[in-house]
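Some notes on the structure that comes next.
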Amino acid sequence: MKMDYVPLREKSIILIGFMGVGKTTIGKSVAKKLFRDFIDTDQEIEDAFQMPPTKIFQTYGEKAFRQKEKEIITNLCNQRLKIISVGGGAFLQEEIRQVCLSKCIVIYLDLSWEFWKERANILIESRPVLQGKNSEDMKKLFDERSPIYEEHHSKVVTDHLDVEEVSDFLVDSLKTAWDIYEPNH
Ligand code: S3P
């Protein structure tokens, strides 16, 4: 099937990165600045199951969560002009990586371990993947996951930056890229 051409400036933006790096908060801020709709895929999964991720993992298992995650992201990638935040485990699935990278602009929010570990305690309750893990286990998971986010179109290191600074940087970078690559729009 021939893929529809989508102008760069109409492509949806996907934010990836480890859990708790701020994909949702930053995504909402970017969406507001660009007058776009924001979609959080974890929220979509939660709506589909009518329960939060921790409960989905307990009741139906991680496999069911990942299946729904793939279905939702694959469908969303066909929409234009959205700002989409995907869960930190989504890019573990090759099919998700491929569909996101081929149809949307993928931006990696890269927060270093030194900064991330300060947030760990407030994340555990709502993140089933962190439950039952000590600091060493979490570091291992963090290091294992980091390479999967290296498949992206652009990245921003968010250490030392607040939400506004990151979202301003992203909006400016996107506008610059749109003007360079699609100067006549
Ligand atoms: C997960 C990350 C979570 C959520 C689920 C699994 C993961 O999303 O999708 O708890 O495996 O890294 P956030 O990255 O938004 O926390």
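Ligands are counted one by one from 1 in listed order, and the atoms in each one are counted from 1 as well.
- The shortest contact between atom 11 (O) of ligand 1 and any protein heavy atom is with R66 NH2, 2.7 Å.
- Between the choices G20, P52, G88, G27, the shortest heavy-atom distance to atom 2 (C) of ligand 1 belongs to G88.
- Not a single heavy atom of E46 lies less than 4.0 angstrom from ligand 1.
- In this structure, R9 pairs ionically with D179, as a charged nitrogen and a carboxylate oxygen lie closer than 4.0 Å.
- Near D42, meaning under 4.0 Å from any of its heavy atoms, are these atoms of ligand 1: 3 (C), 4 (C), 8 (O), 9 (O), 13 (P), 15 (O).
- Using a 4.0 Å cut-off between a side-chain N of Lys or Arg and a carboxylate O of Asp or Glu, K23 and D40 do not qualify as a salt bridge.
- Residue R145 has at least one heavy-atom neighbour below 4.0 Å for each of these atoms of ligand 1: 7 (C), 11 (O), 12 (O).
- Residue V129 approaches ligand 1 through these ligand atoms, each under 4.0 Å from one of its heavy atoms: 6 (C), 7 (C), 11 (O).
- Distances between N or O atoms of K23 and those of ligand 1 include at least one value under 3.5 Å.
- Looking at E144 and K140, a side-chain N of the basic residue comes within less than 4.0 Å of a carboxylate O on the acidic one, giving a salt bridge.
- Under a 4.0 Å criterion applied to the non-hydrogen atoms of R127, ligand 1 contributes the atoms 13 (P), 16 (O).
- A salt bridge does not link K139 with E136: every distance from a Lys NZ or Arg NE/NH1/NH2 to an Asp or Glu carboxylate oxygen is 4.0 Å or more.
- Atom CZ of F115 is surrounded by more than 12 heavy atoms from other residues, nucleotides or ligands within 6.0 Å.
- R36 places no side-chain N or O within 3.5 Å of a backbone atom of A31 that could act as its donor or acceptor partner.
- When only non-hydrogen protein atoms are considered, atom 5 (C) of ligand 1 lies nearest to F65 CZ, 3.8 Å.
- Near G89, with a cut-off below 4.0 Å to any heavy atom, the atoms of ligand 1 are 1 (C), 7 (C), 11 (O), 12 (O).
- The residue from V166, V30, I26, L15 that alone fulfils the side chain to side chain contact (heavy atoms under 4.5 Å, CB included) condition with I107 is L15.
- Atoms of ligand 1 found under 4.0 Å from any heavy atom of G87, numbered from 1 in the order shown, are 8 (O), 9 (O), 14 (O).
- The P128 neighbourhood of ligand 1 comprises atoms 10 (O), with distances under 4.0 Å to a heavy atom of that residue.
- With hydrogens and angles ignored, the 3.5 Å screen pairs a side-chain donor or acceptor of T41 with a backbone N or O of S85.
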